Protein chains: 2
Amino acid sequence: MVKIITISREFGSGGRELGKRLADVMGYEYYDREIIAAIAENKGMDEGYVEKMLESQSWKSRGLHFRNSFSRTMTIGQTGTDLLLEQKKVVEEIAKAGKNCVIVGRNADILLGGYMPFKLFVCADMEAKIRRCVERAEDGKVLSRKELERKIRLIDKGRMGTREIVTGIPWGERSAYHLVINTSGWDMKELTQLAAKFAETWFERRENDTVIGSL
Amino acid sequence: MVKIITISREFGSGGRELGKRLADVMGYEYYDREIIAAIAENKGMDEGYVEKMLESQSWKSRGLHFRNSFSRTMTIGQTGTDLLLEQKKVVEEIAKAGKNCVIVGRNADILLGGYMPFKLFVCADMEAKIRRCVERAEDGKVLSRKELERKIRLIDKGRMGTREIVTGIPWGERSAYHLVINTSGWDMKELTQLAAKFAETWFERRENDTVIGSL
């Protein structure tokens, strides 16, 4: 069976970097912004707009009703629904292509549950996340500490909301993942080696064993 | 600096087994029930009673007021306070003894924060926890699925309550740990090797590096 590593991550935690490095080290394909680009192309929309729509909860206040598995009714707009369905399609096509890969975000852990991916959640403490954002800020785009903290919380809140609408499962719920890694204080290279070993061992186990957990 | 691995765990997740195996593999001391035994001896109390008091929230309803860092006022009994203080003393004495060790539970990750332990949280999905409890039940002590699920939730609720009183920090909060491992479907031997590698690498990093996260 194809080997898929899904990465859910807090904003600023370095989840994307870890995912990219994992793909490099393991010789896997890597999907991140490529998914947004594919959705945008398929729908004939602007990439930035698609990203914004999928990352924010701005479309929660309009139109259509969704009833998720917790039987809570949520409201999302027609565009939101279209984009979520397109995202599902794109993510499923990636898995069907049958190449081992790392997929960052997009609730791929749930969408591709049937492929038994290795599910990683990447977090960090607020200090480390702020430091990371400052280091990576483009010139002239430096936010204050307070603004950064607000931005981090807001983006994560958006991800949380999207996840609940798409899957009915709370985001970051520890037992929904095989491994939750806190990147604070780590060297990403070292961490990649450790995480790769975890994933490889899990895939071996998946191939050789019939009894595996219900995760 | 002494190397300490602290293990917080959901009831039935196999955290204790993982801790014992980690200690064996790494040649560390192992502390679990030994702490309860020491508290009981120091206070001249029955071990079973001490355990029950420290694991349950039964003493929350009496006497003394504690104000934790969230400024919430909690009420715990005099015996509860005494036992928590004694527990703190015993855990600190273990660290001061200077031998590398694994400590299961007792909020040692927070009590020994100054020793920069490697902080592990062990969880599992409910199915796996129930299976584990059934496999390990003594003859004649088999509970129904429903009773087991209730027991698991109740014990974890107790741990959560104790943690909040002792530390002011929510139990199981992902960014309070270096690593959260979901044991569902794993072979414990394999998992031990992977976790040991993680801890060893982290300790090396701690020794060689000045910049480490605020965890």
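Because the structure is predicted, anything quoted here is derived from the model rather than measured.
A distance of 10.0 Å separates NZ of B/Lys197 from NZ of A/Lys197, quoted to the nearest 0.5 Å. To the nearest 0.5 Å, atom CZ of residue A/Arg174 and atom CG of residue B/Asp125 are 12.0 Å apart.
A 4.5 Å side-chain heavy-atom check between A/Ile181 and B/Leu179 finds at least one atom pair inside the cut-off. When side chains are defined from C-beta on, B/Leu194 does not count as touching A/Trp202, because their heavy atoms never get closer than 4.5 Å.
Between B/Phe198 and A/Leu191, the shortest heavy-atom contact is CE2-CD1, 3.8 Å.
In this structure, no portion of A/Gln193 lies under 4.5 Å from any heavy atom of chain B.
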